[in-house]
Amino acid sequence: MDLSIMIPELLKALPLTLAITFTAMIVGFVLALIATTFRIRRIPVVSQLADLYVSYARSVPVVLQLFVAFYGLPLVVGFFEVEDFVSPNVAAMVGLSLYHGGYLSEVMRPAFLAVDRGQHDAADSLGYSFRQKIMRVVGPQAVHIGLPGYGNSIIYLIHNVALVMYIGAADVMATAHLVMERDYNQYQFETYLVLAVIYSLLCLVAWLVVRFFENRNSKFATRAAPATTAIMASV
């Protein structure tokens, strides 16, 4: 097989793979923030619904979540008569966003709860609102604790994007299968090896970005430690 022909074909599908990944990252992050807030505040009924959503995202296989989104989304948008809006790409973004949001909530919530209770009490004693407490005291420490788990969730998301081919999205994996079928499955090893390199590079970039923020946050946490101690001492 001529790799100079096969690799460009695979790279043509890379923008869609990245679009699905980044959409799921952003939307999933927002969903995780909302779900985590409700689960921490323990609002009747709403918190139980958030728990149910997280349980669904963590318990149901990702490929099954994609099928639920693919076949369920047309039924939902059918009430608004916008069925044409639904496509395999949109269903992939919705399914992975719901998965990523639920999974990431289980990273955010333990990170929040891992912050020492004295930090919460100190912020409350100074009259901070819940928003101020999160933004100024608890949030920065929870970010420091949760960043490694967040990096893992991004890598898992990149892995699971490869599953969108099962609902018809023409991502890198689907394109690779089309290339192999065109060549009568003669070059499966070479094609999968190139795919492995592509996904490894994507995960490497994600790891480097998260690692950069981990190092930056560690420096910030070191500088902020005396200020936090001063807040505790003033209580």
Side-chain angles (χ1 to χ4, degrees), residues 21-60 65 69 76 80 93-158 206-235:
T21 303
F22 283 117
T23 300
M25 282 175 55
I26 296 170
V27 177
F29 184 82
V30 174
L31 291 174
L33 276 178
I34 295 172
T36 303
T37 301
F38 287 147
R39 297 176 74 201
I40 291 172
R41 298 298 296 271
R42 302 316 302 173
I43 303 172
V45 181
V46 178
S47 294
Q48 282 72 27
L49 291 176
D51 289 335
L52 183 63
Y53 158 61
V54 172
S55 178
Y56 165 79
R58 295 181 62 218
S59 303
V60 179
Q65 294 185 47
V76 175
F80 305 97
M93 293 176 184
V94 172
L96 288 176
S97 295
L98 291 172
Y99 152 74
H100 186 58
Y103 187 93
L104 189 55
S105 178
E106 276 300 282
V107 174
M108 292 181 174
R109 182 172 173 270
F112 177 86
L113 296 177
V115 177
D116 187 84
R117 185 63 206 174
Q119 303 290 322
H120 296 264
D121 296 337
D124 292 337
S125 66
L126 291 174
Y128 283 5
S129 65
F130 181 78
R131 180 178 176 276
Q132 290 174 320
K133 181 170 69 172
I134 295 299
M135 296 297 294
R136 299 182 183 181
V137 180
V138 179
Q141 298 177 69
V143 168
H144 178 68
I145 297 170
L147 266 177
Y150 177 71
N152 289 336
S153 71
I154 296 299
I155 291 175
Y156 294 153
L157 176 62
I158 294 173
W207 179 81
L208 289 174
V209 171
V210 173
R211 185 68 177 173
F212 168 77
F213 283 106
E214 283 185 31
N215 293 334
R216 184 176 179 181
N217 189 262
S218 295
K219 295 178 181 178
F220 170 79
T222 301
R223 292 196 303 267
T228 303
T229 303
I231 291 177
M232 293 284 294
S234 66
V235 178

Correct closest heavy-atom pair for Pro110 and Ser105 would be CD-O, 4.1 Å
Which atom of Met108 lies closest to which atom of Thr36, heavy atoms considered: CB-OG1, 3.6 Å
Interatomic distance, CZ@Arg136 vs CD@Gln119, rounded to 0.5 Å, equals 15.0 Å
Within a 6.0 Å radius of atom CZ on Arg117, are there more than 12 heavy atoms belonging to other residues, nucleotides or ligands? yes
Less than 3.5 Å apart, which donor and acceptor atoms pair up between the side chains of residues 25-32 and the rest of the protein, not counting sequence neighbours?
none

Tyr56 atom OH, neighbour heavy-atom count above 12 within 6.0 Å: yes
Tell me every residue that passes side-chain contact (heavy atoms from CB on, under 4.5 Å) with Val76, counting only those two or more places apart in sequence or in another chain. none
Residues two or more places apart in sequence or in another chain: which of them pass side-chain contact (heavy atoms from CB on, under 4.5 Å) with Arg42? Arg39, Ser47, Gln48, Asp51
Among all residues two or more places apart in sequence or in another chain, which pass the ring-ring contact (aromatic ring centres under 6.0 Å, His included) test with Phe112? His120
On a heavy-atom basis, the closest approach of Ser97 and Ala24 is OG-CA, 3.3 Å
Please tabulate, for the side chains in residues 146-156, all donor-acceptor contacts under 3.5 angstrom to protein atoms that are two or more places apart in sequence or on a different chain.
{"unit_1": "Ser153", "atom_1": "OG", "unit_2": "Tyr150", "atom_2": "O", "d": "2.6"}

To the nearest 0.5 Å, atom CG of Asp121 lies from atom NZ of Lys133 at 8.0 Å
Using side-chain contact (heavy atoms from CB on, under 4.5 Å), reason through Tyr128 and Ile134 one step at a time and then give a plain yes or no. CA-CA 9 Å; Tyr128 283 5; Ile134 295 299; over 6 Å; no
Taking all non-hydrogen atoms of both residues, which atom of Val54 and which atom of Gly102 are closest, and how far apart? CG1-O, 3.6 Å
Provide the full list of salt bridge (charged side-chain N to carboxylate O under 4.0 Å, His left out) pairs with a residue in residues 96-105, sequence neighbours left out, each pair given once. none
Inter-residue atom distance Thr37.OG1 - Arg131.CZ, 0.5 Å rounding: 12.0 Å
